[in-house]
Amino acid sequence: AKSELETMLFSNADFSTGRLQMGDYFMQTNDVKAAIKHYEVALEKDSLLYPVYSNLATAYSIDGQTDRAFETLNSWIDYEPNAGRPYYLRALLNFESGSPEIAVQDLKMAIELNPQDLRSMYNLATYYYQNKEFDKALKPSQEALKLDPDNQDLQYLYALILKETGRVNE
């Protein structure tokens, strides 16, 4: 089955989506450098194939190429400024790089661009909670719970925030 999959993937390698699929395949087989090569070719063939930006930035980050990951996400934002996902991913990269203030701004922008973005809300509330800014943690956790009231992770985080703010009866 592996050889058939590889044959199918290589037969589509002339197209940007084929290169995206090749990159994904190599990421799944933990060959990050090969994945990067295929993602880069995919973007050369089609700079508007937005899923490649996410995958390439992730591959760069895994490979320790943080600057290239930032460049990739910034390019994605340039091409698609109204998309929240690149801001969310850049926030995660900023947290990993020790720039939490910038990460918070990116999470806020991701939420502004996509008010349904539970991940960004959860991460923002978690950041505030971990930094004992409990009052700031309330709003994103409440907004996220409005969207997904049955989410147990959100419920738990919200309960912790209420406990820390002395609002356990809410």
Side-chain angles (χ1 to χ4, degrees), residues 16-17 20-21 23-25 27-28 30 32 35 39 42-43 46-170:
S16 56
T17 54
L20 169 62
Q21 292 172 343
D24 291 347
Y25 169 76
M27 283 296 286
Q28 291 171 2
N30 294 317
V32 177
Y39 290 143
L43 282 182
D46 184 357
S47 64
L48 300 178
L49 187 60
Y50 298 127
V52 178
Y53 289 93
S54 172
N55 298 5
L56 180 57
T58 300
Y60 281 143
S61 179
I62 290 169
D63 197 45
Q65 299 183 54
T66 305
D67 290 344
R68 304 264 333 250
F70 276 118
E71 289 171 16
T72 302
L73 293 171
N74 290 336
S75 293
W76 185 9
I77 290 168
D78 289 344
Y79 281 116
E80 197 177 24
N82 295 320
R85 182 132 176 94
Y87 286 97
Y88 167 74
L89 294 173
R90 193 172 72 179
L92 298 180
L93 196 55
N94 274 306
F95 278 129
E96 289 176 13
S97 299
S99 300
E101 300 83 15
I102 299 170
V104 166
Q105 293 307 311
D106 279 342
L107 287 176
K108 288 179 179 180
M109 180 59 80
I111 294 165
E112 181 180 321
L113 293 170
N114 180 8
Q116 308 295 311
D117 186 351
L118 291 173
R119 284 184 176 168
S120 292
M121 291 176 201
Y122 179 80
N123 280 291
L124 183 59
T126 300
Y127 170 78
Y128 285 138
Y129 174 79
Q130 290 173 338
N131 287 280
K132 301 189 184 328
E133 297 181 66
F134 305 119
D135 289 329
K136 287 183 178 181
L138 271 173
K139 184 180 179 196
S141 61
Q142 289 169 331
E143 293 299 315
L145 276 171
K146 285 179 190 173
L147 296 171
D148 189 1
D150 298 325
N151 185 307
Q152 291 182 342
D153 292 330
L154 289 170
Q155 290 172 351
Y156 182 69
L157 177 60
Y158 186 61
L160 292 173
I161 295 165
L162 290 179
K163 177 182 173 271
E164 294 295 338
T165 58
R167 300 174 183 167
V168 289
N169 293 329
E170 288 187 26

In residues 81-88, what donor-acceptor pairs under 3.5 Å come from side-chain atoms, sequence neighbours left out?
residue	atom	partner	partner atom	Å
Tyr88	OH	Asn123	ND2	3.4

At their closest point, which heavy atom of [X] faces which heavy atom of [Y], and how far apart are they?
X: Leu43; Y: Val52; result: CG-CG1, 3.5 Å
X: Leu147; Y: Gln116; result: CD2-OE1, 3.2 Å
X: Ser120; Y: Ala110; result: OG-CB, 3.4 Å
X: Arg167; Y: Asp135; result: NH2-OD1, 3.8 Å

Atom [atom1] of [X] and atom [atom2] of [Y]: how far apart are they, to the nearest 0.5 Å?
X: Tyr122; Y: Leu157; atom1: OH; atom2: CG; value: 5.5 Å
X: Glu101; Y: Phe95; atom1: CD; atom2: CZ; value: 9.5 Å
X: Ser75; Y: Glu80; atom1: OG; atom2: CD; value: 13.0 Å
X: Tyr39; Y: Gln21; atom1: OH; atom2: CD; value: 10.5 Å
X: Leu124; Y: Asp117; atom1: CG; atom2: CG; value: 10.5 Å
X: Arg119; Y: Thr126; atom1: CZ; atom2: OG1; value: 13.0 Å

### Query
So Asn55 and Met27, side-chain contact (heavy atoms from CB on, under 4.5 Å) or not? Walk me through it.
CA-CA 9 Å; Asn55 298 5; Met27 283 296 286; over 6 Å; no
### Message
As a quick check of understanding, evaluate side-chain hydrogen bond (donor to acceptor under 3.5 Å, both in side chains) for Glu133 and Asn131, giving each step before the final call.
### Response
CA-CA 6 Å; Glu133 297 181 66; Asn131 287 280; 5.3 Å; no
Counting only N and O atoms by type, is there a donor-acceptor contact under 3.5 Å from the side chain of [X] to the main-chain atoms of [Y]?
X: Tyr53; Y: Ser47; value: yes
X: Ser61; Y: Ala57; value: no
X: Asn74; Y: Phe70; value: yes

### Query
Are Arg68 and Asp63 side-chain neighbours, meaning at least one heavy-atom pair lies under 4.5 Å?
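No, every pair of side-chain atoms sits at 4.5 Å or beyond.
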### Query
Hey, does Leu113 have a side-chain heavy atom less than 4.5 Å from the side chain of Met109?
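Sidechains of Leu113 and Met109: in contact.
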### Message
Checking Asp148 now: which residues fulfil salt bridge (charged side-chain N to carboxylate O under 4.0 Å, His left out) with it, not counting sequence neighbours?
### Response
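Counting only residues at least two positions away or on another chain, Asp148 forms no salt bridge (charged side-chain N to carboxylate O under 4.0 Å, His left out).
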### Task
Begin with the C-alpha distance, continue with both residues' side-chain angles, and end with the deciding distance and a verdict on side-chain contact (heavy atoms from CB on, under 4.5 Å) for Glu96 and Thr66.
CA-CA 10 Å; Glu96 289 176 13; Thr66 305; over 6 Å; no
### Query
For the ring pair Tyr128 and Phe134, is the centre-to-centre distance below 6.0 Å?
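Ring centroids of Tyr128 and Phe134 are no less than 6.0 Å from each other.
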### Query
Parallel under 30°, tilted from 30 to 60°, perpendicular over 60°: which one fits the rings of Trp76 and Tyr50?
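Rings of Trp76 and Tyr50: parallel, as their planes differ by under 30°.
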### Task
Test side-chain contact (heavy atoms from CB on, under 4.5 Å) on Ile111 and Glu143 and set out the steps.
CA-CA 10 Å; Ile111 294 165; Glu143 293 299 315; over 6 Å; no
### Task
Evaluate the side-chain contact (heavy atoms from CB on, under 4.5 Å) criterion for residues Gln105 and Asn94: first the C-alpha distance (whole Å), next the side-chain angles of each, then the deciding distance (0.1 Å), finally the verdict.
CA-CA 10 Å; Gln105 293 307 311; Asn94 274 306; over 6 Å; no
